[in-house]
J.: 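Questions regarding the structure given below will be posed in turn.
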There are 2 protein chains.
Amino acid sequence: MSNLLLRHLEQFGPLPPDEKRALTSLVQRVHEIGADQDIVAEGDRPGDCKVILEGFAFRYKLLGSGRRQIMSFQIPGDVVDLQGFLLGEMDHSVATLTATKVGVIPHNLLLPTTERYPFIARALWQSTLIDSAVFRERLVGIGRRSAYQRIAHLLCEVFLRLQAMGLTNDGSYELPVTQAELGDSLGLSTVHVNRSLKTLRDDGLITLRDGRVVIHHWEGLGAAGEFDPRYLHLTRRLNPAPQSRERETGSSDAH
Amino acid sequence: MSNLLLRHLEQFGPLPPDEKRALTSLVQRVHEIGADQDIVAEGDRPGDCKVILEGFAFRYKLLGSGRRQIMSFQIPGDVVDLQGFLLGEMDHSVATLTATKVGVIPHNLLLPTTERYPFIARALWQSTLIDSAVFRERLVGIGRRSAYQRIAHLLCEVFLRLQAMGLTNDGSYELPVTQAELGDSLGLSTVHVNRSLKTLRDDGLITLRDGRVVIHHWEGLGAAGEFDPRYLHLTRRLNPAPQSRERETGSSDAH
DNA sequence: CGCACAATTGAAGCAGCTCAAAATAAGTGG
DNA sequence: CCACTTATTTTGAGCTGCTTCAATTGTGCG
């Protein structure tokens, strides 16, 4: 059940056996949430943390005049509201993209756990720092990259993050986002996302259909998005790197 | 010397006396750095953390074709490279705006300190989460707000952060940035920053000259930038709120 | 004085936006 | 299985906030 949490946290280094054990009893119950529902909302003071066990979510903020900015997509293994644990009040919302299962970790269990198990505490801290790195990278993209580059970059990022969790398939992965959501994530209009996706498709880099991303040319996509994966700090590759995996003879693949 | 670090960390709640004491001996030496110098650079694996004691700095990343994105401005009290402590390698650089004094905290002292003193560890973690919130807010601005709004928002944010450190003067503060740096921080060209600043000035909201920001109309500026300070989590106001302070009879003040 | 850097202003161009509508897909109830 | 509804994708066309290029004006300083 919280295998996923373990896998997530071990991205940053192995945990000692006793801490692993402690981790497995963190998730007290599982909550099923429908698509397009808030997991936590801005202003909430949650009494527990939520780990995504199945499905996808995103952090967002609403602005005046109905605009929305999505800050990140969250995937299985991610703890979405550590902010609530440490700072009390959420300053943004997290909502589901699809029907989602979340594991619930009560703060009054998490607190003693982080005090007793320093590796767990450290790994959670590291996890929030990776979140931070993801925000920064998005910031760079929106601030200084073209629409085409931003999309390429995002698709690379999500690929590597999903791959680290074992959720990719030979250079393709599930990402049930609409173009409107992509736009809100990248600071673009739906229309422009559509046109840029078309260009990426025409360039033979990717296909995005029915909530599934197929990367036809990993290196090309990375180059298009100026993607440098180091900010994800996936030092311990739990899976082979994408370059060495999804070479399919027919399609143009990475090298 | 590390009074500032204490003040910074106590933004999130008081520390017990013994932890306060431990904190004062963290900074082992002080390093003076000239203007426009990197404090840490992308790719570095620093062996210590740096706290700003005097002066200003900013996080940034360089992109292809010489573009630069500044992710945040850092002020006295900020620890600029906790990322290096927890993740090893820096994925971005931090450079000074002005001549700066930084306190150096060796990792091999910080590590046992965070293990022995849970409140310090927690406060540092909280501090990184506030950084995160700042990145997110910038992200929202660049993604979905106009140039005018972004500038207003940034100036509000820096005001409150400096105020929490006791570094404001009746609605004005030192911020030694050039318009080019502002642009790189907000995803704008220098030219457009200049024009937007002119509009803000003409609207009677602010003046920015010689590295000093004067806020003439706090509420107006906040409204212009859709500024909601909650993301800074400055629950414990160490100074009076700006609204109740800088009412100057002549100029247009908030209310 | 004169260099170098920052701020300012003008003018033209464009990346991406908005408005609008058509085409496609995905239910849903009968 | 169809008729109807609603959401998403796609395409067209005109518009604009911001960019780029270029030149001018401070302004601090050796």
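Just so it is clear: chains get the letters A, B, ... in the order the sequence lines come, proteins before strands, and each one is counted from 1.
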J.: Could you check whether any side-chain heavy atom of B:Glu137 comes within less than 4.5 Å of a side-chain heavy atom of B:Ile142, counting everything from C-beta outward?
T.: no

J.: Quickly work out the A:Arg209 CZ to C:dA26 C1' distance and round it to whole Å.
T.: 14 Å

J.: Can you see if the side chain of B:Asn194 gets near the phosphate of C:dT8 - specifically, an N or O under 4.0 Å from OP1 or OP2?
T.: yes

J.: Nearest whole Å is fine: how far is D:dT8 P from A:Leu182 CG?
T.: 12 Å

J.: Out of D:dT11, C:dC17, C:dT8, which nucleotide sits closest to the side chain of B:Arg201?
T.: C:dT8

J.: Please state how far atom CD in B:Gln179 lies from atom P in C:dT9, giving the value in whole angstrom units.
T.: 10 Å

J.: Using the ring of each side chain (for Trp, its six-membered ring), is A:Phe159 parallel, tilted or perpendicular to A:Trp218, with breaks at 30° and 60°?
T.: tilted

J.: Do A:Glu157 and A:Tyr231 have side-chain atoms, one donor and one acceptor, less than 3.5 Å apart?
T.: yes

J.: Could you tell me how far apart A:Arg212 (CZ) and D:dT8 (C1') are, to the nearest whole angstrom?
T.: 19 Å

J.: Among C:dA7, C:dG16, D:dT9, which is the nearest nucleotide to the side chain of A:Ala147?
T.: C:dG16

J.: Would you mind classifying the nucleic acid contact of B:Gly187 as base, sugar-phosphate or nothing, using non-hydrogen atoms under 4.0 angstrom?
T.: sugar-phosphate

J.: Between B:Arg209 and B:Thr207, do the side chains contain a donor N or O and an acceptor N or O under 3.5 Å apart?
T.: no

J.: Map B:Arg195 and B:Val177 onto DNA chain C by nearest heavy atom, then report which one ends up closer to the 5' terminus.
T.: B:Val177

J.: Could you give the angle between the helix axes at the two ends of the helix from C:dC1-D:dG30 to C:dG30-D:dC1, with five pairs per end, rounded to 10 degrees?
T.: 40°

J.: Consider only side-chain N and O atoms of B:Ser172 and B:Arg212, and report whether a donor and an acceptor are under 3.5 Å apart.
T.: yes

J.: Quick one: label A:Thr190 by what it contacts on the DNA or RNA (base, sugar-phosphate, nothing), any heavy atom closer than 4.0 Å.
T.: nothing

J.: Would you indicate what A:Ser196 reaches in the nucleic acid, counting non-hydrogen atoms under 4.0 angstrom: base, sugar-phosphate, or nothing?
T.: nothing

J.: Determine whether B:Leu182 and B:Leu197 make a side-chain contact, defined as any pair of heavy atoms from C-beta on separated by less than 4.5 Å.
T.: yes

J.: Whole angstrom is fine here: how far is it from CD in A:Glu181 over to C1' in D:dA7?
T.: 11 Å

J.: Have a look at A:Leu197 and say if it touches a base, only the backbone sugar-phosphate, or nothing, with a 4.0 Å heavy-atom cut-off.
T.: nothing

J.: Using atom NE2 of B:His192 as one end and atom P of D:dA22 as the other, report the distance to the nearest whole Å.
T.: 21 Å

J.: For B:Arg145, answer base if it contacts any base atom (sugar-phosphate contacts may also be present), sugar-phosphate if it contacts only those atoms, and nothing otherwise; contact means non-hydrogen atoms under 4.0 Å.
T.: nothing

J.: Find the distance B:Tyr148:OH to D:dC18:P and express it as a whole number of Å.
T.: 13 Å

J.: Atom CZ of A:Arg150 and atom C1' of C:dC17: how far apart are they, to the nearest Å?
T.: 12 Å

J.: Among the nucleotides D:dT10, D:dT20, C:dA7, which one has an atom lying closest to any side-chain atom of B:Thr178?
T.: C:dA7

J.: Looking at D:dT19, C:dT8, C:dT9, which one has an atom nearest to any side-chain atom of B:Lys198?
T.: C:dT9

J.: Please say which of B:Lys61, B:Arg68, B:Arg67, B:Arg59 ends up in a salt bridge (charged side-chain N to carboxylate O under 4.0 Å, His left out) with B:Asp184.
T.: B:Arg68

J.: Give B:Ser189 one of three labels, base, sugar-phosphate or nothing, depending on what nucleic acid heavy atoms sit under 4.0 Å from its own.
T.: base

J.: Would you call the rings of A:Phe73 and A:Phe58 parallel, tilted or perpendicular, where under 30° means parallel and over 60° means perpendicular?
T.: perpendicular

